[in-house]
Every structure is written in C-alpha cells, then in structure tokens.
Amino acid sequence: DSGGKFVLTYEASSTRLFRNGRTETIRTVSKDSVQAIRAMESRNMRPKDKLTLLKKATASHQATSRMAMIGRGVDRHLFALYVVCKGMGKESSFLKTALSHPWTLSTSQQTTTQVTKEHEADPDFMNNKFPLGGGFSPVADNGYGVSYNFAGRHRLGFHVSSVARAGSTTDADRMASHVTQVLRDWKLIIEDAV
C-alpha cells in the first residue's frame, strides 16, 4: 500500500523495567527486514534461502525490541534532546529533520489474555470467545494503524485502521488484504523450505 516503498514504521515497546517507564519505539524497518521482503518477492531465490533471511530478520527484530525495552532505543532520547533544546531556546536542524518524518505505519501487539493449553484445545473458546484485542488509529493522515494479537500457536488477529477522508489514499480493507496475502505467501515459503 506504500507504492513499493519502505516507510517509517513505529512499533511500541514497553519500558516498564524502569520507574515511570512507558514506551520506546522499535524501528521495525531494518536492513535485515528489507532483505527478507525483497527475497520474498524474488522468483529466483529458493524457499530455503528465503526462510533463512526471514529468520535473520526475525532475530534482528527481537534484538532491536530488547534494546528498546532496556532504554537503548533512539526515539525517546531524540525527544528528550528536543525538549532540552526548546527549554534552552535553541534550534537544532538535526532534530527538526529527524522528528519531522511521519510514522506512516504504526503497529503494536495488543495482548488481551493468556491462552492456556486448555484454551487451545477448546475450539469453542478459540473460534467464538477469544477476544482479538483492540485497535488504534494511524498517527499520520496517509498512514495505517495495525495492531496484532497472537492467540495461542495457531491463531493470529489483526485490526487495521486508516483515515477515511477526501484525498486520502489509504484503505483499511485493502491493507488488511495485503497483510493476509503476505501471511499466506510466507506460509507457502516456509512449507516449501522445510
């Protein structure tokens, strides 16, 4: 939905390990994630090699998530520098540029409950009673809010939102179908690779 471009993506990470900690940003677009996406789209690469790149991207994302959780992300530090500059009456062209880019995709996991083995074994609970969580709005007018929730080992839920107003190029239904198709494509790649 981004016209084939990688966009600035925000994923929330909890910093509750710290007193009064709230969130930090996980910057989900990385060299490894870009490489995995490009490999997925390649017709010339073996599924096994695509899966290797997916695993590398996943490991990279987990490392970035852990760094954000322990206060080693960059966005709250940038914001603190911005606040200090404002308080001192100073301008920073670096901060003005760094903080002016829109978060086109805002995403995060919405945990609602713990799924036990008993829940997973109960089709009525998993199919009819398990709440898939809430959603949230995009933070940019031409962006998306995508929340996701893992419900046990075999179920994944998404909420996709976009701003519906004249001139907007976003479409939540279209984006949801893209997300669904990507998951199906990766499923086939993984099945072919193992």
Side-chain angles (χ1 to χ4, degrees), residues 1-14 23-70 72-75 78 97-98 100-111 115 120 132-133 135-136 138-163 168-194:
D1 230 47
S2 63
K5 295 181 282 183
F6 293 94
V7 298
L8 192 59
T9 303
Y10 170 91
E11 181 175 1
S13 169
S14 173
T23 63
E24 174 58 275
T25 303
I26 302 167
R27 291 183 170 243
T28 57
V29 178
S30 66
K31 290 178 185 176
D32 292 329
S33 67
V34 168
Q35 193 175 21
I37 297 304
R38 289 196 171 132
M40 179 183 147
E41 295 175 338
S42 172
R43 295 174 190 249
N44 301 322
M45 188 175 283
R46 297 178 314 158
K48 184 177 180 180
D49 296 330
K50 291 179 181 187
L51 181 57
T52 297
L53 291 173
L54 175 62
K55 288 179 179 180
K56 182 178 178 187
T58 302
S60 175
H61 181 75
Q62 289 172 342
T64 302
S65 299
R66 283 190 293 273
M67 294 302 279
M69 286 176 65
I70 62 171
R72 294 194 178 171
V74 299
D75 290 281
L78 290 174
T97 301
S100 68
H101 301 287
W103 297 103
T104 306
L105 178 59
S106 180
T107 180
S108 190
Q109 182 175 355
Q110 299 287 315
T111 305
V115 177
E120 281 194 82
L132 289 176
F136 50 87
V139 294
D141 284 345
N142 281 319
Y144 291 96
V146 179
S147 63
Y148 58 93
N149 187 346
F150 295 94
R153 297 175 47 117
H154 303 288
R155 187 171 171 153
L156 180 61
F158 285 90
H159 289 263
V160 180
S161 63
S162 64
V163 176
S168 177
T169 59
T170 59
D171 181 323
D173 289 333
R174 184 179 63 226
M175 179 62 142
S177 73
H178 289 322
V179 170
T180 301
Q181 188 58 53
V182 166
L183 292 171
R184 287 180 177 143
D185 291 347
W186 273 117
K187 180 180 185 284
L188 292 174
I189 290 168
I190 292 166
E191 287 172 348
D192 288 347
V194 291

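Residue numbers count from 1 along this sequence.
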**Report entry** Non-neighbouring partners of A12 that pass side-chain contact (heavy atoms from CB on, under 4.5 Å), sequence neighbours left out
**Finding:** Y10, S108
**Report entry** Pairwise distance CE(M67) to CD1(I26) - rounded to 0.5 angstrom
**Finding:** 12.5 Å
Query - Distance (rounded to the nearest 0.5 Å) between T169 OG1 and R174 CZ - result: 7.0 Å
Query raised in the report: Heavy-atom distance under 4.5 Å between the side chains of Y148 and V179, does that happen here?
Result: no
Query raised in the report: With a 4.5 Å heavy-atom cut-off, do V29 and V7 have their side chains touching?
Result: no
Query raised in the report: Can you find a pair of side-chain heavy atoms, one from R46 and one from L51, that are under 4.5 Å apart?
Result: no
Got a list of side-chain donor-acceptor pairs under 3.5 Å for residues 36-44, not counting sequence neighbours?
{"unit_1": "S42", "atom_1": "OG", "unit_2": "N44", "atom_2": "N", "d": "3.1"}
{"unit_1": "S42", "atom_1": "OG", "unit_2": "M45", "atom_2": "N", "d": "3.4"}

**Report entry** Rounded distance (nearest 0.5 Å) linking atom CZ of R66 with atom OG of S13
**Finding:** 11.0 Å
Show every donor-acceptor pair shorter than 3.5 Å between a side-chain atom in residues 55-65 and any protein atom, with sequence neighbours excluded, or say none if there are none.
{"unit_1": "T58", "atom_1": "OG1", "unit_2": "L54", "atom_2": "O", "d": "2.8"}
{"unit_1": "S60", "atom_1": "OG", "unit_2": "D32", "atom_2": "OD2", "d": "3.3"}
{"unit_1": "H61", "atom_1": "NE2", "unit_2": "E11", "atom_2": "OE1", "d": "3.2"}
{"unit_1": "T64", "atom_1": "OG1", "unit_2": "S60", "atom_2": "O", "d": "3.0"}
{"unit_1": "S65", "atom_1": "OG", "unit_2": "H61", "atom_2": "O", "d": "2.9"}

**Report entry** Pairs flagged by salt bridge (charged side-chain N to carboxylate O under 4.0 Å, His left out) wherever residues 179-194 is involved - sequence neighbours left out
**Finding:** K187-E191
Report summary line: Distance col, row T170:OG1 vs L105:CG, nearest 0.5 angstrom, shows 12.0 Å
Requested in this report: Can you measure from CG (D49) to CD1 (I189) and round to the nearest 0.5 angstrom?
Outcome: 11.5 Å
Query raised in the report: Between V163 and P138, is any pair of side-chain heavy atoms under 4.5 Å apart?
Result: yes
Report task. Would you please name every residue forming a side-chain contact (heavy atoms from CB on, under 4.5 Å) with S177, sequence neighbours left out? Result -> none
Query - Which residues share a side-chain contact (heavy atoms from CB on, under 4.5 Å) with A176, sequence neighbours left out - result: V160
Query - Closest heavy-atom pair and its distance - S33, T28 - result: OG-O, 3.3 Å
